[in-house]
Student: 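Can you read through this structure? Questions will come right after.
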Amino acid sequence: MKETLRLVLTLSIICLVAGALLAAVDTMTREPIAEANRGKKLAALQNVLPNYDNSPDANVVTVEHAGRSWIFQVALKDNTFVGAAVETTSPAGYGGDISIMLGINAENQTQAIAILGQKETPGLGAHIESDDFKGLFAKKDLATTQWAVAKDGGEIDEITAATISSRAVTEAVKAAIDAFVANADTIKQTGL
């Protein structure tokens, strides 16, 4: 009985110490991780939007489309709408979720995309992060472009041996474009 009590007490102390250490590490790393994520988001905004002179991450509008909330970050230059960026995610990637930031300019064209997160196969699907693939989405007219991969009759060339990844990115971009088009007037008036 004494031996069992000693083991229970020892394990309880070990668990308490481990829990306290984990809580301390979480507290110490929470802010740096949040700051790193914000820096990554700001860098993506600069990559996908035309030149702007406001803070798009502080000039946001939330719209509803297709049963989902979309948060658009609006870019202004000289108090004039120059573009908007939106984060979109596809759960249909080969390795799981693919997170993307899409930039749309004032000419109703895609400006650029940035891949924020992905778990695709290295050497295959991970090529969605290549400049060549991301470049396929630049300066495309929102209304006239066939937003599908070539294999599905669209205008976006899929990556060889990575059609699933290519299709997931294209479908996520298309969903964000549909949300923008349906709410363009509201988005373009934000912050003016």
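Along the sequence shown, residues are numbered consecutively beginning with 1. The structure displayed is predicted, hence computed values, not measured ones. Hydrogens, waters and symmetry mates are skipped; everything else that's a heavy atom, side chains included, is used.
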Student: Do Ile115 and Val48 share a hydrophobic cluster, counting only Ile, Leu, Val, Met, Phe, Trp and Tyr and linking them when any side-chain heavy atoms are less than 4.5 Å apart?
Tutor: no
Student: Between Asp152 and Arg167 (salt bridge meaning N to carboxylate O under 4.0 Å), is one present in this structure?
Tutor: yes
Student: Test of understanding: clusters of I, L, V, M, F, W, Y form through side-chain heavy atoms closer than 4.5 Å, transitively. Do Ile100 and Phe133 belong to the same one?
Tutor: yes
Student: Walk me through whether Val60 and Phe72 qualify under side chain to side chain contact (heavy atoms under 4.5 Å, CB included).
Tutor: CA-CA 6 Å; Val60 299; Phe72 285 87; over 6 Å; no
Student: What are the two closest heavy atoms between Glu158 and Lys151, and how far apart are they?
Tutor: OE1-N, 3.1 Å
Student: Are the side chains of Asn51 and Lys77 in contact, using a 4.5 Å heavy-atom criterion?
Tutor: yes
Student: Please report the C-alpha distance between Leu42 and Arg38 in whole Å, then the side-chain angles of each, then the deciding distance to 0.1 Å, and finally whether the side chain to side chain contact (heavy atoms under 4.5 Å, CB included) criterion is met.
Tutor: CA-CA 6 Å; Leu42 290 175; Arg38 184 174 185 272; 3.2 Å; yes
Student: Rounded to the nearest 0.5 Å, how far apart are CD1 of Ile104 and CD1 of Ile187?
Tutor: 7.0 Å
Student: Can you name the nearest heavy-atom pair linking Ser166 to Ile128, along with the distance?
Tutor: N-CG2, 4.4 Å
Student: Looking at Asn105 and Glu107, would you say the former's side chain and the latter's main chain have a donor-acceptor pair under 3.5 Å?
Tutor: yes
Student: Treating Gln73 as the side-chain partner and Asn59 as the backbone partner, does any N or O pair qualify as donor plus acceptor under 3.5 Å?
Tutor: no
Student: Just checking, any donor-acceptor pair under 3.5 angstrom between side chains of Lys188 and Asn183?
Tutor: no
Student: How long is the straight-line distance from CD of Gln111 back to CG of Leu49, given to the nearest 0.5 Å?
Tutor: 7.5 Å
Student: Ignoring hydrogens and angles, tell me if any N or O in the side chain of Ser55 forms a donor-acceptor pair with the backbone of Ala58 under 3.5 Å.
Tutor: no
Student: Please report the interatomic distance CZ(Phe180) to CG(Leu142), rounded to the nearest 0.5 Å.
Tutor: 6.5 Å
Student: Any donor and acceptor pair, going by atom type alone, linking the side chain of Asp53 with main-chain N or O of Asp78 inside 3.5 Å?
Tutor: yes
Student: Under 6.0 Å from the CG atom of Asp131, do we count more than 12 heavy atoms belonging to anything else shown?
Tutor: no
Student: How long is the span from the OG1 atom in Thr10 to the CD1 atom in Ile14, to the nearest 0.5 Å?
Tutor: 6.5 Å
Student: Could you tell me whether the side chains of Ser165 and Glu120 share a donor-acceptor contact shorter than 3.5 Å?
Tutor: yes
Student: Heavy atoms only: give me the nearest Ala85-Leu45 pair and the separation to one decimal.
Tutor: CB-CD2, 3.5 Å
Student: Taking the side chain from Thr88 and the backbone from Ala172, do they hold a donor-acceptor pair closer than 3.5 Å?
Tutor: yes
Student: Taking all atoms of both residues into account, what is the closest heavy-atom pair of Phe81 and Val74, and its distance?
Tutor: CD1-CG1, 3.7 Å
Student: Under the side chain to side chain contact (heavy atoms under 4.5 Å, CB included) rule, what do Leu16 and Ile13 come out as? Steps first, then yes or no, please.
Tutor: CA-CA 5 Å; Leu16 283 171; Ile13 290 171; 5.5 Å; no
Student: Is the CD1 atom of Ile71 crowded by more than 12 outside heavy atoms at less than 6.0 Å?
Tutor: no
Student: So do the side chains of Asp178 and His65 get within less than 4.5 Å of each other, counting heavy atoms only?
Tutor: yes
Student: Can you give me the closest heavy-atom contact between Leu102 and Ala176, atom names plus distance?
Tutor: CD2-CB, 3.8 Å
Student: Find out if a path of hydrophobic residues (ILVMFWY) with successive side-chain heavy-atom gaps under 4.5 Å connects Leu22 to Ile33.
Tutor: no
Student: Taking Glu64 for its side chain and Trp70 for its backbone only, find out whether a donor-acceptor pair lies under 3.5 Å.
Tutor: no
Student: Establish whether Val173 and Leu136 are linked, either directly or via other cluster members, by ILVMFWY side-chain heavy-atom contacts under 4.5 Å.
Tutor: yes
Student: Heavy-atom count around Lys119 NZ within 6.0 Å, excluding the residue itself: above 12?
Tutor: no
Student: For Tyr52, look at atom OH and say whether over 12 heavy atoms of other residues, nucleotides or ligands are found less than 6.0 Å away.
Tutor: yes
Student: Report yes if some heavy atom in the side chain of Leu116 is under 4.5 Å from a heavy atom in the side chain of Glu87; otherwise report no.
Tutor: yes
Student: Just by modelled atom types, is the Val61 backbone N or O under 3.5 Å from a matching donor or acceptor in the Thr190 side chain?
Tutor: no
Student: Identify the two heavy atoms, one from Gly93 and one from Ile98, that lie closest to each other, and give their separation to 0.1 Å.
Tutor: CA-CD1, 3.8 Å
Student: Does a donor on one side chain and an acceptor on the other come within less than 3.5 Å for Glu171 and Ser90?
Tutor: no
Student: Any side-chain donor paired with an acceptor under 3.5 Å for Gln109 and Lys140?
Tutor: no
Student: In terms of hydrophobic clustering (I, L, V, M, F, W, Y; side-chain heavy atoms under 4.5 Å; direct or indirect links), are Tyr94 and Ile159 co-clustered?
Tutor: no
Student: Give a yes or no on whether Asp141 atom CG has more than 12 heavy-atom contacts from other residues, nucleotides or ligands under 6.0 Å away.
Tutor: yes
Student: For Ala43, does its backbone N or O pair with a side-chain atom of Asn47 as donor and acceptor, under 3.5 Å?
Tutor: yes
Student: What distance do Arg6 atom CZ and Glu3 atom CD have between them, rounded to the nearest 0.5 Å?
Tutor: 4.0 Å
Student: What is the distance from atom CD of Gln118 to atom NE2 of His127, rounded to the nearest 0.5 Å?
Tutor: 10.5 Å
